Amino acid sequence: MGPGPSDISPEVLSALSRPVIGHLDPLFVGMMDEVKALLQYAFQTKNEFTIALSAPGSAGMEACFVNLVEAGQKVIVCRNGVFGDRMIQNVTRIGAEAIVVDSPWGRAVEVDKVEQALIANPDAKFLAFVHAETSTGAVSDAKSLCALAQKHDCLSIVDAVTSLGGIELRVDDWGIDAIYSGSQKCLSCVPGLSPLSFSEKAVHVIKNRKSVVQSWFLDQSLVMSYWSGKGKRSYHHTAPVNSLYGLHESLIHLHNEGIENSWARHRKQHELLAKGLNKLGIEFIVPKEERLPQLNAIYIPEGADDAKVRDYLLNNYNLEIGAGLGDFAGKAWRIGVMGYGARSENVALCLTALEDALNQ
Ligand SMILES: *Cc1c(COP(=O)(O)O)cnc(C)c1O
């Protein structure tokens, strides 16, 4: 119950152990088409360019920036935690300019401030933000932010690593242009894959770049032909065959449950956890209306030893919770209620274990 990787269901674990077949085998190619359709469902998009990148969420982030942004361009980047900060590093390494909009850690991105930055920088080409800040447990208003991007003629780049499958996310309805996620959070698969989706506008930008993408591996114009369509697939890299079996299985679970039901289940388990934490006198960092259900950031109670409590949970209950990250290191714990892990028995175990640990 940390910030990811989350618990994996027995069905996904067993899918991972199927025999390896060639990554250009017709059976495998058929399964990839299904993965694509299932990802389109998870993202709520019809985007033709919807794939699982063969690398973790951080590579999904990098893929969005290096494919879309060119040197000299301006990108408005929202920072309210660790992952927004990484976006800035991606932008500056490209030789582009990051216009940083800072919001307090533990709070949503401030939409008004973003609008001011868009007005002050009419030449900005992109707006980038993190939907679900895993470092702080805050959700930002992706719908409003993407509407602002459109109004000011910017493409939106959205980090949905922790949000996909856990909270409402509608790529097409909200007009998101580039979005990436991760396999190991609310999708409950093994780490190492990054679902990625680009709008037609984003694909157009990629196809009309002035410069070549500096990363050969992440250059999506090369990967497009491997993932796309009916035509002959050409070798780009060896796909992580078994990990994709796992993702396929976890996406089938999500589809069978229904995306809205999955969002509701995360909310319900969060509410159970919040009620129990409240009884233990533990306080949340994030105000109620900006809280992520799948990532509960709480203040370490007065007098409790951060590392000792987490060790106690691990050694006595086989239970992992997350430490604080960045500004919250040593001050907070992060309890994940993600994917297959978002179940009542987990929440009950966590509350019992935490109460015992604090008493000890
Ligand atoms: C976990 C996470 C990432 C990075 O994903 P990795 O799979 O660890 O590379 C990026 N952004 C957010 C918001 C995350 O929670």
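Any value given below was found using the heavy atoms of this structure, including those in side chains, with hydrogens, waters and symmetry copies removed. Just so you know, residue 1 is the first one in the sequence shown, and it goes up from there. Just follow the structure's listing: the first ligand is 1, and inside any ligand the first atom is 1. All figures in this text were calculated on a predicted structure; none of them were measured in a lab.
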Original post:
Does ligand 1 have any atom sitting under 4.0 Å from a heavy atom of H131?
Top reply: no
**OP:** Kindly compute the distance separating NZ (K151) from CG (L127), expressed to the nearest 0.5 Å.
**Re:** 13.0 Å
Original post:
Taking the six-membered ring for Trp, is the centroid-to-centroid distance between Y41 and H255 below 6.0 Å?
Top reply: yes
**OP:** Enumerate the atoms of ligand 1 whose separation from the nearest heavy atom of T162 is less than 4.0 angstrom.
**Re:** 15 (O)
Original post:
Charged N to carboxylate O under 4.0 angstrom, R170 versus E260?
Top reply: yes
Subject >> Sidechain N-carboxylate O distance under 4.0 Å for E48, K36 >> reply: yes
Original post:
atom 4 (C) of ligand 1: which of P56, G60, S58 has the nearest heavy atom?
Top reply: S58
Original post:
Which protein heavy atom lies closest to atom 3 (C) of ligand 1, and at what distance to 0.1 Å?
Top reply: F83 CE2, 3.4 Å
Original post:
Is it true that A132 lies under 4.0 Å from ligand 1, counting heavy atoms only?
Top reply: yes
Subject >> Heavy-atom nearest neighbour in the protein, as seen from atom 1 (C) of ligand 1, with distance rounded to 0.1 Å >> reply: K185 NZ, 1.5 Å
Original post:
Do any N/O atoms on V161 end up under 3.5 angstrom from N/O atoms on ligand 1?
Top reply: no
Subject >> Closest to atom 5 (O) of ligand 1 (judged by heavy-atom distance), picking from G57, P191, S194 >> reply: G57
Subject >> ligand 1 to Q184 polar contact by distance, N or O atoms, under 3.5 Å >> reply: yes
Original post:
Do any nitrogen or oxygen atoms of Y180 come within less than 3.5 Å of a nitrogen or oxygen of ligand 1?
Top reply: no
**OP:** If you have a sec, work out which protein heavy atom is nearest atom 11 (N) of ligand 1 and how many Å separate them, to one decimal?
**Re:** D159 OD2, 2.7 Å
**OP:** May I ask you to check if ligand 1 and R86 share an N or O to N or O distance below 3.5 Å?
**Re:** no
Subject >> Linked, directly or transitively: V111 and I119 (ILVMFWY side chains, under 4.5 Å) >> reply: no
Original post:
Salt bridge or not for E70 and K210, using N-O below 4.0 Å?
Top reply: no
Original post:
Does a side-chain N-to-carboxylate-O contact under 4.0 Å join E200 and K207?
Top reply: no
**OP:** Give a yes-or-no answer on whether the side chains of N296 and H270 include a donor-acceptor pair shorter than 3.5 Å.
**Re:** yes
Original post:
Going by the order shown, which atoms of ligand 1 are within less than 4.0 Å of some heavy atom of T134?
Top reply: 12 (C), 13 (C), 14 (C), 15 (O)
